[in-house]
Protein chains: 2
Amino acid sequence: MHYVKNPMEIELKSFEIIGKEMGEHNLNKEELSIVKRVIHTTADFEYKDLVYIREGAIEEAKKLLKSGVKIYTDTNMVAAGINKKALKDLGCEVITYVSLDEVAMKAKEEKTTRSMAAVSKAVEEGVEFFVFGNAPTALFILKELYEERKASPKFIIGAPVGFVGAKESKEEIEKLNIPMITIRGRKGGSNVAAAIVNALMYLLVERE
Amino acid sequence: MHYVKNPMEIELKSFEIIGKEMGEHNLNKEELSIVKRVIHTTADFEYKDLVYIREGAIEEAKKLLKSGVKIYTDTNMVAAGINKKALKDLGCEVITYVSLDEVAMKAKEEKTTRSMAAVSKAVEEGVEFFVFGNAPTALFILKELYEERKASPKFIIGAPVGFVGAKESKEEIEKLNIPMITIRGRKGGSNVAAAIVNALMYLLVERE
């Protein structure tokens, strides 16, 4: 049986199809590349209207990525989905604390979630680039810590998915005057969050 | 601000909402738990009509999981999304070969994709439980190897997502008389594939 085997060829062809099918939009070239990559990873054209990119957010993300920033992710799945070659080319690093024993213990002690304890640890370490694909509670705690002037995030990807708190967590974080990309409504997920990080990195580095 | 912090409470409430909103269906209890978990991980009700569960597939998957099967996944992201506690409780193991140097070398030598080389390695090792969330080519090669009587998969999750080959790869694999769960059409993904594995495991083990 004949089928296309070259991964880059498949990707280019996919983006061409997405471009044709997504119809009219007001996105600039960089914004478009992010939205297209989210649709590429979900095959869900609804994301055309769900991706919210704050003015100046892409510039800020690029600046941070070029400086070799430490990228905090809320799950191992987001971390696994981020392109390792692009990360290495940029000198960036992905961290996720949700599986650490010390985080599990802290969550138990403080009667909170592991996601929240993990964010607190990242904040204590001065992390500035946050990526959330799963836990609404992680976004809520980041907002609280920011308002208490304990956290100083410079860029946030807010893409928790779900039916309880996900939509609200993104509405809350959008109230902050911080460069961010969010997914509105219930949709999102670790795949979507990772796709946004990759799309941003691909604005700066050559694809394999 | 008040928000629900207990992860199990959030999950139960989410499943309740999904049940209410998904409307009528002909699914039995076990099938329903799989479909609901896919909707839970995507917030996309279209999956109600996209999840294909072959008759007897759940029974076969449960039998394999109870026997402590080795679960092959096509990406690190699928592997990362599979619940480690449930895996451990069942004595199962997740493997993914796509990042191995030997696989990259073999792919280069044989002018194929790493996904395909990784499946070949798994087949050589006698793997019987396959989970695909990303690469259509991996499903195509598994079908070829099966037809050449080199592979003997006992259960397959076919959930590649995308615009080039994904739909077709799932149509091809469905031609085989093997217990399987697939996602029809373009949709799917690593999150969906992992959700199906987790849903199957949760039929057998207590949730945290």
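Numbers restart at 1 for each chain; the letters A, B, ... are given by sequence-line order, proteins then strands. Note that the structure is a prediction, hence the values are computed from the model and not measured.
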Task: Atom pair CD/CG of A:Glu46 and B:Asp44 - distance to nearest 0.5 Å - done: 7.0 Å

Within the supplied structure, the quantity of interest is the number of heavy atoms (other residues, nucleotides, ligands) at a distance under 6.0 Å from [X] [atom1]; does it exceed 12?
{"X": "B:Lys48", "atom1": "NZ", "answer": "yes"}
{"X": "B:Lys88", "atom1": "NZ", "answer": "no"}
{"X": "B:Lys154", "atom1": "NZ", "answer": "no"}
{"X": "A:Lys121", "atom1": "NZ", "answer": "yes"}
{"X": "B:Lys108", "atom1": "NZ", "answer": "no"}
{"X": "B:Asn177", "atom1": "CG", "answer": "no"}
{"X": "B:Lys106", "atom1": "NZ", "answer": "yes"}
{"X": "B:Asp101", "atom1": "CG", "answer": "no"}

Of the backbone (N, CA, C, O) and the side chain (C-beta and beyond), which part of [X] lies under 4.5 Å from a heavy atom of chain B, both, or neither?
{"X": "A:Ile17", "value": "side chain"}
{"X": "A:Ile39", "value": "both"}
{"X": "A:Ala194", "value": "side chain"}
{"X": "A:Glu21", "value": "side chain"}

Task: Structural part of B:Ser190 lying under 4.5 Å from a heavy atom of chain A - done: both

Open item on the list: Under a 4.5 Å cutoff for heavy-atom pairs, which residue among A:Thr137, A:Asn191, A:Thr112 has the most contacts with chain B?
Closed with: A:Asn191

Task: For chain B, the option from A:Thr42, A:Val164, A:Asn134 that forms the most heavy-atom pairs under 4.5 Å - done: A:Val164

Task: Heavy-atom closest contact (B:Ala80 atom, A:Ala80 atom, distance) - done: CB-CB, 4.0 Å

Task: Closest contact, heavy atoms only, B:Gly81 versus A:Met77 - done: CA-SD, 3.6 Å

- [ ] Take the angle between the ring planes of A:His40 and B:Phe163 and call it parallel below 30°, perpendicular above 60°, tilted in between.
- [x] parallel

